[in-house]
Amino acid sequence: VLETLLQQQNLRLLVDGDGLTNLSKLLDWPARCEAQVILTPHPGEMKRVWSGLFRKPLPQDRQEQASLLAQAPHAVIALKGAGTVVTDGTRVYVNTTGNPGMGTGGSGDWLTGIITALMGQGLGNFDATVLGVYVHGLAGDIAAERLGQVSLTATDIIDALPEAFRRNT
């Protein structure tokens with residue numbers, strides 16, 4: 001299914017989680033990629049996608065990792081983690097919002113939903129990803145202010161999302 005979706009012209013496609021695992025197993029997928037792709041790997045997923053694509057070691061620098069991966073399929077990459085890096089291979093944004101409490105199950109799923117919703121509202125892939133990463137992190141910061149980082153859940157992050165959007169406008 002993923003291989004078929006990647007070959008669709010004019011399709012805007014965000015790939016996360018198990019989709020990234022499946023992507024890492026597809027041979028030479030960038031050469032056949034017609035879709036406008038956003039990839040949102042955490043560091044472990046980045047290693048898998050990288051090793052399936054390149055025959056050289058993964059660079060230590062996160063911006064370099066994301067930029068090189070973005071250039072292969074002409075994609076937007078959001079390399080998640082502290083200081084999430086968003087790049088299209090040319091432009092680079094390093095996020096300043098978010099906290100360690102956001103490393104909780106389901107948090108990345110909310111990020112995927114936020115970015116997808118922004119795409120649906122007409123933002124381009126890079127802008128939707130930058131804004132989505134920022135607002136998602138800000139919602140996590142707001143939730144942590146209210147509840148603390150230690151017990152933060154994905155639901156707490158989404159509950160803080162309206163305030164994050166209000167603060168961002």
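Sequential numbering from 1 along the given sequence is applied to the chain's residues.
- Note that CH2 of Trp110 and NE2 of His136 are 9.5 Å apart. Values are rounded to the nearest 0.5 Å.
- Closest non-hydrogen pair, Thr40 versus Glu45, comes out as O-OE1, 3.8 Å.
- The CZ atom of Arg12 sits 4.5 Å away from the CE atom of Met119 when rounded to the nearest 0.5 Å.
- To the nearest 0.5 angstrom, Leu111 atom CG is 8.0 Å from Leu14 atom CG.
- Exactly one residue among Thr96, Asn95, Thr129, Val130 makes a side chain to side chain contact (heavy atoms under 4.5 Å, CB included) with Thr84. That residue is Asn95.
- Between Glu145 and Arg167, at least one side-chain N (NZ, or NE/NH1/NH2) sits under 4.0 Å from a carboxylate O, which counts as a salt bridge.
- The closest side-chain heavy-atom distance from Val85 to Val92 is below 4.5 Å.
- Between Ile142 atom CD1 and Leu161 atom CG the span is 8.5 Å, to the nearest 0.5 Å.
- Shown here for Met102 and Gly137, the closest heavy-atom pair between the two residues is CE-CA, 3.8 Å.
- Each of Leu39, Leu5, Ile38 was scored for a side chain to side chain contact (heavy atoms under 4.5 Å, CB included) with Val15, with one residue passing: Leu39.
- Going from atom CG of Asp127 over to atom CG of Leu131 covers 8.5 Å, rounded to the nearest 0.5 Å.
- Defined by atom type and a distance below 3.5 Å, a donor-acceptor pair is missing between the side-chain atoms of Thr21 and Asp18.
- Contact between Asp159 and Pro162 at its shortest, heavy atoms only, is O-CD, 3.5 Å.
- Remark: Lys25 does not engage Glu3 in a salt bridge, criterion side-chain N to carboxylate O under 4.0 Å.
- Side-chain contact, Thr97 with Asp141: no donor N or O sits under 3.5 Å from an acceptor N or O.
- Atom CD of Gln7 is separated from atom CD of Glu34 by 8.0 Å, given to the nearest 0.5 angstrom.
- Contact record, Gln149 with Ala144: CG-CB, 3.8 Å, taken as the closest heavy-atom pair.
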